[in-house]
Amino acid sequence: MKTGKIVKVSGPLVVAKDMDEANIYDVVKVGEKGLIGEIIEMRGDRASIQVYEETSGLGPGDPVVTTGEPLSVELGPGLMESMFDGIQRPLDAIRAIAGNFLTKGVNVSPLDRKRKWDFVPTAKVGDVVSYGVAIGTVKETTVITQTIMVPKGIEGTITSITAGEYTVEEVIAEVKTEDGIKQITLMQKWPVRRGRPYAEKLNPVEPLVTGQRVIDTFFPVTKGGTACVPGPFGSGKTVVQHQFAKWADAEIVVYIGCGERGNEMTDVLNEFPELKDPKTGESLMKRTVLIANTSNMPVAAREASVYTGITIAEYFRDMGFAVALMADSTSRWAEALREMSGRLEEMPGDEGYPAYLGSRVADFYERSGKVVCVGDDKRIGAITVIGAVSPPGGDLSEPVTQATLRIVKVFWGLDAQLAYRRHFPSINWLDSYSLYMDQLAPWMDENVAQDWTKIRVQAMTILQEEAKLDEIVRLVGVDALSEKDRLKLEVAKSIREDYLQQNAFHEVDTFTSLSKQYKMLKLVLAFHVEGEKALIAGVYLKEILNMKVRDKIARAKYIPETEMSKIDDIYTALSTDIEKLITEGGVVND
Ligand code: ADP
Ligand code: MG
């Protein structure tokens, strides 16, 4: 293989000549140390290479050799509990070899080569298999069992398959194909920039339940759907993403961190292993893969990280898992794209982002979805993609937010004002939307409560009317409002404070099941119905608003899931107290 020569180094971009034997998207080794890079543009024999490591010290004349292979990830047992950088180098192993900072050219295998896994075959000799067919399992962690699938390019009859303890490189089965015997190991490779195939895409009709009230009730996302969380600095993007990782009813979590602040990723690396999985009581890492780009890592690795993450997500989807993938923040990824584009001297588009920003964003989100997997047993898997976006100054008209909004179906708009008032999650209920609402309605009405959609619409209507009434109050003062409207404003306040506000750090409040959400919202709305009844019967608004039961309504969020009948008790107390007000005409103080 011919060796190319560097002609130019510009930050993470290296241009090399004599590269005519290489192809675009080949992984190359750059310089004497063999830094890892990827060809992102070919012109004649000149290759433009984005280098995934610090390029200082490289200079013209230094050698470049292609590996002839595209940037790929290793897929197999050992992914769970791992923390990787943007090109799937295990952070622990790198640290162990090179200390806390990444040393250039360190070559560590993504998956542990020594560890043995207990392979249990489900296929047998004589079975005819092809890509995607499940042939066995490996219990990877206490909570996740991987399905071992036939890798791409192997089709034929199994001639040997044996249970036992294997490393990821040892042969677990052999298949007689048209081109002779092929061997299968626990590990397979996949090029990250190409989506893994599926048999059929399905319409996602099931919610990804998150336990976050404002999301599940008003702006739900589906298993297999897409959502984005744009918001300015400090508005709660990272907390939302962490809440998802912890609470969403996905089986697998892939978390891609593109560090915003210097120490933010270090925090994630330290915090994630400490997070308890509420479902199993074990570490959340038992079903999580973490991909971390600290801000001291080169920008190119950030560019690659979202593809590394989504490919790993697809691999678990292909086993039939529901996967949730979080990317925090995709703006950092887009900025990496912009930097590389600038160095390539491409024609800049909006705000310096390349013209292909929109299609890159779309390509990424389109790898989400609920699918029938390739194989012979019609496994169904799903990837939900949730991307945080950090628009500079919170300005949603900027290119990354706009490109994202064109493709995702759910928009959770974080609001600096709400965050400032400590209304968390600071999702603006008037601006946000979920295009899945209609398609989820039947599922919700069937699985949560018949009148789920009805009360959800009622609550949202009150919030929208509040905005209009607020306008009137601003112009002519609250006295201009009827008692009925003033009651409505109180109910809206109760929806906001007693229902939508949810403390991620409170033991009980951090998660609310759908059935508790239903009971809580119903209770808040019951106060409206009962209050109006009392008003009509001649009770003063002040007396209705002073009812002691309102404190209980406000505290319903702290009632544990196991004591939910207490919410029914509040409901009963509310009716009784209103009855008393109407018949006795006095203030109820119990
Ligand atoms: P961003 O990622 O948008 O910069 P963070 O997610 O780091 O913002 O949130 C900033 C701070 O806001 C958090 O440290 C926390 O104090 C507060 N916060 C955000 N969301 C919540 C929540 N749901 N419950 C309680 N506090 C929250
Ligand atoms: Mg953040």
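Indexing begins at 1, ligand by ligand and atom by atom, following the structure's order. Values in this document were obtained by computation on a predicted structure and should not be read as measured data. Computed from heavy atoms alone, side chains included, the values below leave out hydrogens, waters and symmetry copies.
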Original post:
Of all heavy-atom pairs between Arg360 and Glu303, which one has the smallest distance, and what is that distance?
Top reply: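 Closest approach of Arg360 to Glu303, heavy atoms only: NH1-OE2, 4.2 Å.
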**OP:** Could you pull out the closest heavy-atom pair between Leu430 and Ala467, with the gap in Å?
**Re:**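 The pair with the smallest heavy-atom distance is CD1-CB, 3.8 Å.
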Subject >> Region of Arg422 that comes within reach of ligand 1 [heavy atoms, distance under 4.0 Å] >> reply: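 Looking at Arg422 and ligand 1, just side chain atoms fall under 4.0 Å.
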Original post:
Quick one: does ligand 1 sit under 4.0 Å from the side chain of Ser426, the backbone, both or neither, non-hydrogen atoms only?
Top reply: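 Contact part for Ser426 vs ligand 1: neither.
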**OP:** Please state whether the separation between the Mg ion (ligand 2) and some N/O/S atom of Gln241 is under 2.8 Å?
**Re:**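 No.
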**OP:** Applying ring-ring contact (aromatic ring centres under 6.0 Å, His included) between Phe244 and each of Trp412, Phe511, Tyr255, report the one that passes.
**Re:**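 Option passing the ring-ring contact (aromatic ring centres under 6.0 Å, His included) with Phe244: Trp412.
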Original post:
Think Arg89 forms a cation-pi with Phe84, using NZ or CZ under 6.0 Å from the six-ring centre and within 45 degrees of its axis?
Top reply: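 The answer is no; the distance or angle limit is not met.
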Subject >> Centroid-centroid distance, Trp429 to His423, less than 6.0 Å >> reply: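 Ring centroids of Trp429 and His423 are less than 6.0 Å from each other.
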[X] to ligand 1: N or O pair under 3.5 Å?
X      : result
Val239 : yes
Phe505 : no
Phe233 : no

Can you list the atoms of ligand 1 that are under 4.0 Å from a heavy atom of [X]?
X      : value
Pro232 : 3 (O)
Gln502 : 22 (C), 23 (N), 24 (N)
Asn503 : 24 (N), 25 (C)

Subject >> Proximal candidate to atom 5 (P) of ligand 1 [heavy atom criterion; set Ala504, Ala416, Gly236] >> reply: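 Of the listed residues, Gly236 has the closest heavy atom.
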Subject >> Test log, rule side chain to side chain contact (heavy atoms under 4.5 Å, CB included), inputs Phe364 and Leu325 >> reply: CA-CA 11 Å; Phe364 167 62; Leu325 179 139; 3.8 Å; yes
**OP:** Please name all residues satisfying side chain to side chain contact (heavy atoms under 4.5 Å, CB included) with Ala441, sequence neighbours left out, ordered by chain then number.
**Re:**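 Checked Ala441 against side chain to side chain contact (heavy atoms under 4.5 Å, CB included); matches are Thr453.
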**OP:** Take every heavy atom of Ala388, measure it against each atom of ligand 1, and state whether any distance is under 4.0 Å.
**Re:**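 No, Ala388 has no heavy atom closer than 4.0 Å to ligand 1.
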**OP:** Determine whether any heavy atom of Gly234 lies closer than 4.0 Å to an atom of ligand 1.
**Re:**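 Flag set, Gly234 near ligand 1.
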Original post:
Looking at Ser329, Ser305, Ser331, which hits side-chain contact (heavy atoms from CB on, under 4.5 Å) with Cys258?
Top reply: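 Of the listed options, the one satisfying the test is Ser305.
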